[in-house]
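The first residue of the sequence shown is numbered 1, and numbering continues consecutively from there. Note that these values count all heavy atoms, side chains included, but never hydrogens, waters or copies made by symmetry.
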Amino acid sequence: MLKSHEPIESIEAGAGEILRSLLQDVPAIQNIEVEHEHATQDRGVDLLFRFDVEGRPHTIVCEVKSSGQPRYVRDAVHYLNHLALRFDRATPVFIAPYLSEQARDLCRDAGVGYADLEGNCRIVFDGVFIERVVATKPATEKRELKSLFKPKSAQVLRRLLREPSRVWKVVDLAEAADVSLGHVSNVRRALLDRDWAAVEPDGLRLTAPDALLDHWRDNYEPLAGERIHAYTPAHGTSFMAAVRGAMRDPGVHVALAANSAAHWLAPYGRTGREHIYADKAGWAALRRHLEVGPIGRGANLEIMVLKDDGLFRDIVEPAPGLFTTSPVQTYLDLAASGERGREAADHLRENGLEWPR
């Protein structure tokens with residue numbers, strides 16, 4: 001049953017206007033009547049459209065929700081298909097403020113029409129085919145995705161993606177990611193809402209690591225910190241020896257990143273500039289070991305001195321004494337670095353990321 005509060009009523013009213021407008025544009029449809037829940041005797045129906053299609057009566061039965069996240073869509077489409085059986089010649093339609101491509105696919109696969117307030121819709125019945133796709137996303141959806149990939153949340157995601165088949169208890173995940181229980185709970189809820197994870201008897205497990213990584217890549221924001229371009233005379237084996245030396249210094253955080261990390265994880269192609277993440281102590285160690293000089297001779301080194309050291313909890317050691325960003329973080333950095341970087345990212349994903357597909 002529809003709850004009686006303003007947000008849902010607003011969605012219902014907006015949906016009613018959108019659907020009426022769509023139906024009115026179809027010449028074969030006439031005598032459109034709209035009933036809202038408070039006006040209909042069909043309990044459980046949020047919105048009902050009755051009309052004639054070339055003289056034959058037809059009904060659209062609508063379920064309206066305040067969230068179009070896949071988790072809620074999955075439940076709603078089953079309910080709608082059952083609800084539509086109460087009517088002769090009825091088409092079930094799910095309505096929400098916004099429906100992602102994943103949510104729309106769930107509706108389509110279940111044989112349920114859909115519409116959202118952004119303008120996406122697909123309704124098929126009796127030779128009538130109405131479909132519209134818009135590129136815009138509501139600001140709330142963009143904010144939610146950005147929040148999911150913020151530094152503290154990213155620590156949780158990197159831990160999950162490192163062992164995507166593992167089942168996690170909230171307490172264990174919080175400890176492994178070094179974040180609060182509240183942070184893990186927020187990430188858990190977001191993953192469940194989007195059908196990227198599922199709750200099993202022993203805890204939480206990722207069910208769609210590829211979908212999660214795709215959305216992270218598409219909404220990725222470079223890590224915050226001071227970006228430094230510098231020159232070092234060291235190259236080849238002497239460069240790696242100097243970097244290893246800096247990494248051995250006590251109390252420092254240093255990790256090869258982007259193409260420099262990919263060279264050790266899934267080699268694709270070298271560029272003329274090395275990339276490294278470090279904290280302040282790490283940058284001081286790099287200056288000593290690499291004999292960093294002025295840029296006058298051309299920068300061949302890019303150092304990012306990070307504000308947050310959470311990334312260093314997820315580094316890997318592909319060779320003795322040498323540390324790089326994890327395959328997931330390396331993939332994200334490469335994908336954000338232009339066309340050539342995207343090619344290297346795809347190569348890394350194919351050869352360096354292993355999880356059930």
Side-chain angles (χ1 to χ4, degrees), residues 1-3 7-8 44 63-83 94-110 112 114 116 140-219 310 313-314 326-329 332 353-357:
M1 288 289 290
L2 190 65
K3 300 297 182 182
I8 293 289
E63 173 82 348
V64 182
K65 293 292 185 184
S66 60
S67 173
Q69 294 292 359
R71 181 185 185 183
Y72 304 105
V73 175
R74 195 178 295 280
D75 292 336
V77 294
H78 292 300
Y79 172 69
L80 267 168
N81 275 324
H82 175 74
L83 186 63
F94 179 73
I95 298 171
Y98 174 69
L99 295 168
S100 66
E101 183 176 353
Q102 181 185 359
R104 301 195 296 269
D105 286 344
L106 286 173
C107 291
R108 187 182 296 108
D109 292 344
V112 170
Y114 59 78
D116 67 23
T140 53
E141 175 74 8
K142 295 177 182 178
R143 285 197 300 270
E144 287 177 7
L145 281 172
K146 286 186 177 182
S147 177
L148 178 58
F149 302 125
K150 289 295 184 183
K152 289 298 182 185
S153 299
Q155 288 179 220
V156 179
L157 298 180
R158 282 193 292 262
R159 200 67 192 83
L160 287 168
L161 287 169
R162 176 171 283 211
E163 300 177 86
S165 297
R166 177 172 173 175
V167 179
W168 288 90
K169 292 188 181 300
V170 170
V171 173
D172 295 337
L173 184 54
E175 182 178 354
D178 193 27
V179 299
S180 69
L181 290 173
H183 239 107
V184 171
S185 295
N186 289 337
V187 172
R188 176 182 181 274
R189 182 169 55 251
L191 294 175
L192 292 174
D193 284 350
R194 289 168 172 80
D195 260 1
W196 296 341
V199 176
E200 300 186 352
D202 294 330
L204 181 77
R205 181 178 64 85
L206 284 182
T207 56
D210 278 309
L212 169 58
L213 188 57
D214 286 344
H215 281 76
W216 195 353
R217 176 200 63 210
D218 294 343
N219 294 274
R313 297 187 63 85
D314 189 49
S326 67
V328 165
Q329 183 61 48
L332 294 171
L353 293 176
E354 298 180 358
W355 51 54
R357 283 178 165 83

Could I get the full list of side-chain contact (heavy atoms from CB on, under 4.5 Å) partners for [X], not counting sequence neighbours?
X    : answer
A197 : L191, L192, L204, L206
E175 : none
R313 : Q155, D178
S185 : V170

For residues 162-212, which residue pairs pass the ring pair (Phe, Tyr, Trp, His ring centres under 6.0 Å) check, not counting sequence neighbours? W196-H215

Sub-4.5 Å side-chain heavy-atom contact between [X] and [Y]:
X    : Y    : answer
L106 : D195 : yes
W216 : L161 : yes
V73  : C107 : yes
L213 : L157 : no

Taking all atoms of both residues into account, what is the closest heavy-atom pair of [X] and [Y], and its distance?
X    : Y    : result
S100 : P70  : OG-CG, 4.5 Å
P164 : R205 : O-CG, 3.9 Å
V171 : L181 : CA-CD2, 3.8 Å
G68  : A103 : O-CB, 3.4 Å

List in chain and number order the residues that pass salt bridge (Lys or Arg N to Asp or Glu O under 4.0 Å) with [X], two or more places apart in sequence or in another chain; answer none if no residue qualifies.
X    : answer
R189 : none
K150 : E221
R104 : none
R188 : none

Show your working on side-chain contact (heavy atoms from CB on, under 4.5 Å) between R194 and L145 and close with a plain yes or no. CA-CA 11 Å; R194 289 168 172 80; L145 281 172; 3.8 Å; yes

How many angstroms lie between [atom1] in [X] and [atom2] in [Y], if you round to the nearest 0.5 Å?
X    : Y    : atom1 : atom2 : answer
Q69  : L99  : CD    : CG    : 9.5 Å
N81  : E63  : CG    : CD    : 11.5 Å
L173 : R166 : CG    : CZ    : 8.5 Å

With [X], which residues qualify under side chain to side chain donor-acceptor pair (under 3.5 Å), at least two apart?
X    : answer
D214 : R217, R349
S326 : D314
Y72  : D193

Is a donor from one side chain sitting under 3.5 angstrom from an acceptor on the other, for R158 and Q329? yes

